[in-house]
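Values below: every heavy atom of this structure, side chains too, minus hydrogens, waters and symmetry copies. Protein chains get the first letters and strands the later ones, always in sequence-line order, with residue 1 at the start of each.
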There are 2 protein chains.
Amino acid sequence: MGKINKREIIIEEAAKIFKAKGFAASSMRELAEQVGVEAASLYNHIRSKDEILEEICFKVAHIYMSSILAVDDLEISSTEKIKRIISAHIQLVTTHSNDVAVANVDWKNLSETKKNLYKEIRKGYEQRIAAIIKKGIETGEFKDVNVSVALFTLLSAIRWVEQWFKPNRSISAEELEKDMITLLINGLKK
Amino acid sequence: MGKINKREIIIEEAAKIFKAKGFAASSMRELAEQVGVEAASLYNHIRSKDEILEEICFKVAHIYMSSILAVDDLEISSTEKIKRIISAHIQLVTTHSNDVAVANVDWKNLSETKKNLYKEIRKGYEQRIAAIIKKGIETGEFKDVNVSVALFTLLSAIRWVEQWFKPNRSISAEELEKDMITLLINGLKK
DNA sequence: CCTACCGATCGGTAGG
DNA sequence: CCTACCGATCGGTAGG
């Protein structure tokens, strides 16, 4: 086991703890115990507590962004684009549940500089989704609703799946995806 | 100005700070400065930092619950019930933005006992909304989707309005409510 | 409502 | 990777 692997274990365990208690309420001593070393030893693998948070937040931000870029230039309908974005994001949220939870809540605890960068990236992918919705409204595919309301209704519904979804029980990841697309595109009403 | 008023000011300012930085990352000294007294003086009005968090979380939980109880027994369609619940929750989220933000995120920092109580209350109103959705599916008003997916898509979309909604700009609280009901009940697609 | 202060805990470093 | 430890900051109290 080289250093790289141990580092990944530390960040993975950190994401679990941060999700459960929040970044500021989680201590390096607690993390060390979970990993199985003394607190001082963590610093052979990571530079600081802040660095762990940065790594988690930007990992999530970049996956979000690239999953939108992958769809953006395709020659498909706005409806199909939104469907694929929902699908990709649900994939992310269900496979990286801890990371998404931390990024959603604890980005506030990033340093001023990193926080601004994070907000910029997030704004970037929000604007790309907004543009898709806008075009769909113009072409008559979508209802004439406020673009921000449509954007954030979509994003909120997806982002917070990690808070309640347990994939083993009476519902699978596939069913989740199918039903969320149905609800967001066609609504609850029959 | 009696003690009650000052106490309310403290809790109001606390909600602002907790929303911006999270409960654990917010200090009593910072809160004191915002209120305009020394840190020690806060304790003439509140018992502890924890007490402030409890007050905020349970205030929100009880408003949520009562807004559902107000609708639950009415002799109206499931669609109409869901519409009214969306409407009431958006009302709460837009008027108590800071409190809702804190309750959504920092309930994790409640003491074990209070946290369990909070989760119980929250589960209570989630189950009532789930029952309404279930009935709507049975009567054929709603599509045959997984009840949990429908429930949490609805709740997530509403709960996180506080994260992006600024009521003064290009969109009013009324437009927000109208469009969210449209999207959640009838979907984005025309 | 303030001054003065306490014990606990924090992130992190030195040195081996 | 550990022992030993530091300075800073925390929530909160005593006493007036």
Side-chain angles (χ1 to χ4, degrees), chain A residues 1-58 102 105-115, chain B residues 1-58 102 105-115:
Chain A
M1 297 296 171
K3 274 197 178 181
I4 294 165
N5 217 323
K6 192 60 168 276
R7 187 186 154 88
E8 279 165 11
I9 290 169
I10 290 170
I11 293 173
E12 212 175 295
E13 289 300 322
K16 277 187 211 167
I17 297 172
F18 293 172
K19 175 178 182 175
K21 316 181 66 168
F23 173 76
S26 305
S27 77
M28 295 302 276
R29 282 155 176 83
E30 191 181 358
L31 173 56
E33 194 181 15
Q34 204 65 31
V35 173
V37 296
E38 290 300 316
S41 304
L42 292 172
Y43 293 89
N44 292 308
H45 303 284
I46 52 110
R47 250 183 288 264
S48 67
K49 191 188 179 191
D50 283 344
E51 193 192 46
I52 301 177
L53 180 62
E54 287 163 20
E55 196 135 328
I56 294 171
C57 288
F58 287 103
V102 173
V105 169
D106 281 321
W107 63 270
K108 291 174 208 160
N109 292 303
L110 290 168
S111 68
E112 209 59 35
T113 317
K114 297 287 181 179
K115 184 161 62 180
Chain B
M1 296 294 172
K3 275 198 175 182
I4 294 165
N5 218 325
K6 192 59 168 276
R7 187 185 153 88
E8 278 165 12
I9 290 169
I10 290 170
I11 293 173
E12 213 175 293
E13 289 300 323
K16 278 188 211 167
I17 297 172
F18 294 172
K19 176 179 181 174
K21 315 183 63 168
F23 173 76
S26 305
S27 77
M28 294 303 276
R29 281 154 178 83
E30 192 181 357
L31 173 57
E33 194 180 15
Q34 204 64 30
V35 173
V37 294
E38 290 300 317
S41 305
L42 292 173
Y43 293 88
N44 292 308
H45 303 284
I46 51 109
R47 249 184 288 263
S48 66
K49 191 188 179 191
D50 283 345
E51 193 192 46
I52 300 177
L53 180 62
E54 286 163 19
E55 196 135 326
I56 294 170
C57 289
F58 287 102
V102 173
V105 168
D106 281 320
W107 63 269
K108 291 174 208 161
N109 292 303
L110 290 168
S111 69
E112 209 59 34
T113 317
K114 298 286 180 178
K115 184 160 62 181

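For residues 16-36 of chain B, proximity to DNA chain C is found at no residue, defined as any non-hydrogen atom under 4.0 angstrom from a strand atom. Within residues 48-56 of chain B, no residue approaches DNA chain C, by heavy-atom distance under 4.0 Å.
Within the 4.5 Å cutoff, the side chain of B:I52 has heavy atoms near those of the B:L31 side chain.
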For a side chain to side chain contact (heavy atoms under 4.5 Å, CB included) check, start with the C-alpha distance between B:I46 and B:M28, then their side-chain angles and the critical distance, and finish with the verdict. CA-CA 11 Å; B:I46 51 109; B:M28 294 303 276; 3.6 Å; yes
Side chain to side chain contact (heavy atoms under 4.5 Å, CB included) assessment of A:K49 paired with A:L42: CA-CA 10 Å; A:K49 191 188 179 191; A:L42 292 172; over 6 Å; no
Show, in sequence, the C-alpha distance, side-chain angles and deciding distance for A:K6 and A:V35, and conclude whether the side chain to side chain contact (heavy atoms under 4.5 Å, CB included) test is met. CA-CA 9 Å; A:K6 192 60 168 276; A:V35 173; 3.8 Å; yes
Does the side chain to side chain contact (heavy atoms under 4.5 Å, CB included) test come out yes or no for A:K16 and A:Q34, once each step is laid out? CA-CA 10 Å; A:K16 277 187 211 167; A:Q34 204 65 31; over 6 Å; no
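Both the sub-6.0 Å distance and the 45° axial angle are not jointly satisfied by A:K108 relative to the ring of A:F23.
When DNA chain D is scanned in the 5' to 3' direction for atoms under 4.0 Å from non-hydrogen atoms of chain B, the outermost contacting nucleotides are D:dC10 to D:dT13.
A salt bridge between A:E55 and A:R47 is absent, with no side-chain N of the basic residue lying under 4.0 Å from a carboxylate O of the acidic one.
Remark: B:A39 engages B:R29, B:A32 in a side chain to side chain contact (heavy atoms under 4.5 Å, CB included) (not counting sequence neighbours). Annotation: side chain to side chain contact (heavy atoms under 4.5 Å, CB included) contacts of B:K114 (sequence neighbours excluded): B:E54, B:F58, B:L110, B:S111.
The number of heavy atoms from other shown groups lying within 6.0 Å of CD (A:E33) does not exceed 12.
When each of A:R47 and B:V37 is assigned the nucleotide of DNA chain C bearing its nearest heavy atom, the one mapping closer to the 5' terminus is B:V37.
Here the shortest heavy-atom pairing between A:I56 and A:F18 reads CD1-CD1, 4.2 Å.
With hydrogens and angles ignored, the 3.5 Å screen pairs no side-chain donor or acceptor of A:K21 with any backbone N or O of A:S27.
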Using Watson-Crick or G-U wobble pairs with both distances under 3.5 Å, give me DNA chain D in dot-bracket, 5' to 3', with [ ] for crossers and | for pairs to another strand. ||||||||||||||||
